[in-house]
Each structure stands twice: as structure tokens, then as C-alpha cells.
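In what follows, a structure is listed as C-alpha cells, so that the remarks can point back to it.
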Amino acid sequence: MRSPSALNPLLSAWGPGERSPLASPPRSAAADVGLLLLRLTAGLLMAGHGSQKLFGLFGGPGLTETGKQLAAMGYRPGKVYAVIGGCPSCPAASGRPSAC
């Protein structure tokens, strides 16, 4: 197998300690903190919304009532669709939406 520098002549122009102008600039600590705050805010909002659907927390209808509402809209069985709709929202605060 050929080395990456043999495949792309742009990679061979810079040594191991030099940065390529094609590389993205390093992020600052302020950008990292800002992204963390945005992720936490979005994750907590989604977790709160999912726990309203599933558990009835924060004044939400809960699983049974959400299932009835979905069944009235034509989704049968409504309770299964309520779980499918609420389940991905709860672990969103951890950053692992597939953890459900």
C-alpha cells in the first residue's frame, strides 16, 4: 500500500511538525465551553420533553395519555408509538441518543 504522501502530493509538502494550510485551525477554550453549554441546553430540553411523554413529569400527560392521543390521530397501537416517540428523547441529555 502506498503512503498517504505518495497518494496526495499536498501532504508531502509539509513535514511532521508543520501544519498544513488545509487543516482546520485549533479551537479555543471559549468555543469548547460554548459548544458544551449549547449541547447541555438542547439535551436537557429534549430529556424534559421525553420524560413528559413517558413519565408524566413536568406537567406532561404520561405514557397512557400520550398513547391515547396518538391512537386518536390514527397511530395504532398508540402506547407503542408513545414509547417510540419518547424513548430517544430521554437519553439525549447524556449525548447518547442511541442508548435507549
Side-chain angles (χ1 to χ4, degrees):
M1 172 136 185
R2 289 197 234 164
S3 68
S5 61
L7 297 174
N8 188 347
L10 291 175
L11 294 176
S12 63
W14 292 275
E18 299 177 25
R19 285 184 56 86
S20 165
L22 302 175
S24 61
R27 288 192 313 218
S28 68
D32 288 338
V33 170
L35 287 173
L36 174 68
L37 290 175
L38 284 172
R39 286 182 179 183
L40 284 174
T41 302
L44 289 174
L45 286 171
M46 288 183 68
H49 181 65
S51 59
Q52 282 181 323
K53 288 184 199 175
L54 292 175
F55 312 119
L57 299 177
F58 310 114
L63 188 59
T64 305
E65 190 60 35
T66 303
K68 287 179 186 177
Q69 292 171 357
L70 288 171
M73 287 188 267
Y75 294 97
R76 304 252 193 286
K79 202 167 196 177
V80 172
Y81 281 102
V83 171
I84 291 171
C87 191
S89 299
C90 283
S94 69
R96 302 182 72 197
S98 62
C100 186

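Atom set for the values below is all heavy atoms of this structure, side chains included, hydrogens, waters and symmetry mates excluded. None of the values given here were measured: they were computed from a predicted structure.
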Counting only pairs under 3.5 Å, give me each side-chain donor-acceptor contact of residues 67-87, with atom names and distances, residues two or more places apart or in other chains.
residue	atom	partner	partner atom	Å
R76	NH1	A71	O	2.2

Report all side-chain donor-acceptor pairs from residues 28-37 shorter than 3.5 Å, counting only partners two or more places apart or in another chain.
residue	atom	partner	partner atom	Å
S28	OG	A31	N	3.3
D32	OD1	R27	NE	3.1
D32	OD1	R27	NH2	3.1

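Judged by distance alone, the side chain of T66 and the main-chain N or O of L63 form no donor-acceptor pair under 3.5 Å.
For the residue pair F58 and S51, the shortest heavy atom distance occurs at CE1-OG, 3.5 Å.
Apart from L38 itself, the hydrophobic cluster it occupies contains nothing, where clustering links Ile, Leu, Val, Met, Phe, Trp and Tyr at side-chain heavy-atom distances under 4.5 Å.
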